[in-house]
Amino acid sequence: MKAAMQYQNKTPEEIVRQYKKRLRAKQGLLILILLLHIIINIRGIWWGDDGMADVLLKLFILIAVTFPINIWISWDFMSLNLILNQNCDPVTYVQVMRLLEKVHKRKRSAVAIRINEASGLMWSGQFSDALALAEPLRKYKLSVNYQISLLNIRFNCYKKMEDLERAMQVKHEAEVLVSSFTKASLQRTGQELLNVMDASLALWRGDHETYRRMEEARSARYTAKIQKVVSAVCLADVDIVCGELKNAKTHLEYAIREGGTLYVVEDARRMLAELTQKEQG
């Protein structure tokens, strides 16, 4: 993906410096537009040229002009997720989020940054640190997308730490949340989260055929590289158990080549070394 390339081979400091430069330019544009709006309104009211209808019309124009710029600012922030989702670099992602804490001071932005940081910590294999950051965030009023992200982080961390009881508690929380959705789009998103949890639990239990069936059905819709890499490692685990060693090797080599700093890359290297040793033996 071309957009993800802008973050490759750059330090976290360089990424944040460029981000701040773009942010300040857009914020400056918003301030300029607001000042012009105030000046024009004051002049119109002072000279008696504008009635209430004119003032409301200008206010509507202000909102119409500034709305796309605010969306542009939000898009820049969200595009930083490409560092994790497409470049598979949670180490850089965590460092970028920590630097952004000094840029965005508003409570809403700070909470979003912490959720992203917790996600990066999870994907770099620092499960206890991710949980320490994620659990206190439950007290905040979050958007549905961030609620789902937080549930996913907590579930995966507890499962990786082999605390199945708490993992199942999180799954129950997810089921309650999804049952409260009324919009079809939210229901689909919530059900996808539950499917991911069910597949993960099937693999944990050793129910490899169920996992393979569920994962192969879902993997056709994957667009993010991180999804493909994690799926490859999990499918390799199933392939090894089922004796499909050639497929396993292909999956593991892909994960090692494309997985960046994801913790699953170390798992893939270990599994490939064991597989190679078995073949030589």
Side-chain angles (χ1 to χ4, degrees), residues 78 81-82 84-86 88 90 93 112 115-127 130-131 133-135 137-138 142-181 183-239 241 251 254-255 258-260 262-265 267-268:
M78 291 187 292
N81 292 334
L82 294 172
L84 178 62
N85 296 334
Q86 295 296 343
C88 297
Y93 187 69
I115 292 174
N116 290 345
E117 183 182 344
S119 180
L121 288 169
M122 178 191 73
W123 286 115
S124 60
Q126 302 176 66
F127 305 115
L131 277 173
L133 192 58
E135 285 291 357
L137 300 176
R138 296 169 60 194
L142 304 172
S143 68
V144 170
N145 286 335
Y146 279 127
Q147 288 184 66
I148 288 174
S149 294
L150 205 55
L151 286 165
N152 188 46
I153 292 166
R154 293 170 56 225
F155 174 82
N156 284 329
C157 287
Y158 282 127
K159 186 177 68 67
K160 292 300 293 186
M161 295 170 68
E162 299 185 353
D163 190 341
L164 188 59
E165 181 179 353
R166 290 193 178 182
M168 294 304 295
Q169 288 175 358
V170 175
K171 185 174 185 293
H172 176 68
E173 291 175 32
E175 290 169 342
V176 171
L177 177 66
V178 173
S179 68
S180 70
F181 294 157
K183 291 184 177 179
S185 58
L186 293 180
Q187 289 173 348
R188 287 193 297 270
T189 302
Q191 189 57 52
E192 182 62 23
L193 172 66
L194 295 178
N195 291 343
V196 169
M197 290 179 172
D198 286 337
S200 182
L201 290 170
L203 185 62
W204 184 85
R205 291 192 303 266
D207 188 352
H208 297 100
E209 289 305 319
T210 296
Y211 175 80
R212 189 201 292 271
R213 184 176 66 253
M214 295 180 72
E215 184 60 23
E216 289 181 346
R218 290 169 48 238
S219 62
R221 301 191 299 273
Y222 289 162
T223 56
K225 188 181 289 185
I226 189 173
Q227 295 174 306
K228 298 175 183 178
V229 169
V230 174
S231 176
V233 176
C234 293
L235 287 173
D237 190 15
V238 175
D239 289 335
V241 172
H251 282 134
Y254 168 79
E258 302 291 341
L262 294 171
Y263 78 87
V264 295
V265 172
D267 294 341

(Q) I'd like to check Val233 versus His251 (side-chain heavy atoms, cut-off strictly below 4.5 Å). Are they in contact? (A) no
**Q.** Leu262 side chain near Pro90 side chain, heavy-atom distance below 4.5 Å
**A.** yes
Q | Electrostatic pair Arg166:Glu173 at N-O distance under 4.0 angstrom | A | no
Q.
For the CE atom of Met78 and the CG atom of Asn116, what is their distance to the nearest 0.5 Å?
A. 11.0 Å
Q) Which pair of non-hydrogen atoms, one from Ser124 and one from Tyr263, has the smallest distance, and what is that distance? A) C-CB, 3.7 Å
Q: Output the distance between atom OG (Ser149) and atom CZ (Arg154), rounded to the nearest 0.5 Å.
A: 12.5 Å
(Q) Show, in sequence, the C-alpha distance, side-chain angles and deciding distance for Lys171 and Glu175, and conclude whether the salt bridge (charged side-chain N to carboxylate O under 4.0 Å, His left out) test is met. (A) CA-CA 6 Å; Lys171 185 174 185 293; Glu175 290 169 342; 2.7 Å; yes
Q: Determine yes or no for a side-chain-to-main-chain donor-acceptor pair under 3.5 angstrom, with Gln187 supplying the side chain and Phe181 the backbone.
A: yes
Q: List for me each residue that meets ring-ring contact (aromatic ring centres under 6.0 Å, His included) alongside Tyr158, sequence neighbours excluded, and say none if there are none.
A: none
Q) Between the side chains of Tyr211 and Glu216, does any donor sit under 3.5 Å from an acceptor? A) no
Q: For atom CZ of Arg218, decide whether the heavy atoms of other residues, nucleotides or ligands shown that lie under 6.0 angstrom number more than 12.
A: yes
Q | Basic-acidic side-chain contact under 4.0 Å: Glu192, Arg188 | A | no
Q: Give the minimum heavy-atom separation between Trp123 and Val230, together with the two atoms involved.
A: CZ3-CG2, 3.4 Å
(Q) Looking at every non-hydrogen atom in both residues, tell me the closest pair between Ala130 and Ala118 and how far apart they are. (A) CB-O, 3.4 Å
Q. Short question: side chain of His208, backbone of Gly206 - any donor-acceptor pair under 3.5 Å?
A. yes
Q. Which atom names give the shortest non-hydrogen contact between Val265 and Gly260, and what distance separates them?
A. CG2-O, 3.8 Å
(Q) Looking only at side-chain N and O atoms, does Ser219 offer a donor or acceptor that is under 3.5 Å from a partner on Lys228? (A) no
Q. Any donor and acceptor pair, going by atom type alone, linking the side chain of Asn152 with main-chain N or O of Ile148 inside 3.5 Å?
A. no
Q | Passing option when Gln147 is tested against Leu142, Leu193, Ile115 for side chain to side chain contact (heavy atoms under 4.5 Å, CB included) | A | Leu142
Q. To the nearest 0.5 Å, how far apart are CG in Leu164 and CD in Gln169?
A. 10.0 Å
(Q) Working to the nearest 0.5 angstrom, can you tell me the gap between Met168 CE and Met197 CE? (A) 9.5 Å
Q.
Return the CD to CD1 distance between Glu135 and Ile153, rounded to the nearest 0.5 Å.
A. 10.5 Å
Q: Looking only at non-hydrogen atoms, find the nearest pair between Lys159 and Ala167 and report the distance.
A: N-CB, 4.1 Å
Q.
Between Leu133 and Glu117, is the side chain to side chain contact (heavy atoms under 4.5 Å, CB included) condition met? List the steps.
A. CA-CA 8 Å; Leu133 192 58; Glu117 183 182 344; 3.6 Å; yes
Q) Just wondering, do Leu150 and Arg138 contact through their side chains at under 4.5 Å, heavy atoms? A) yes
(Q) If I take atom CD1 from residue Ile226 and atom OG from residue Ser231, how far apart are they, to the nearest 0.5 angstrom? (A) 12.0 Å
Q. Would you say the side chain of Leu131 lies within less than 4.5 Å of the side chain of Met161, judging by non-hydrogen atoms?
A. yes
Q. What's the shortest heavy-atom distance between Tyr222 and Glu215, and which atoms?
A. OH-OE2, 2.8 Å
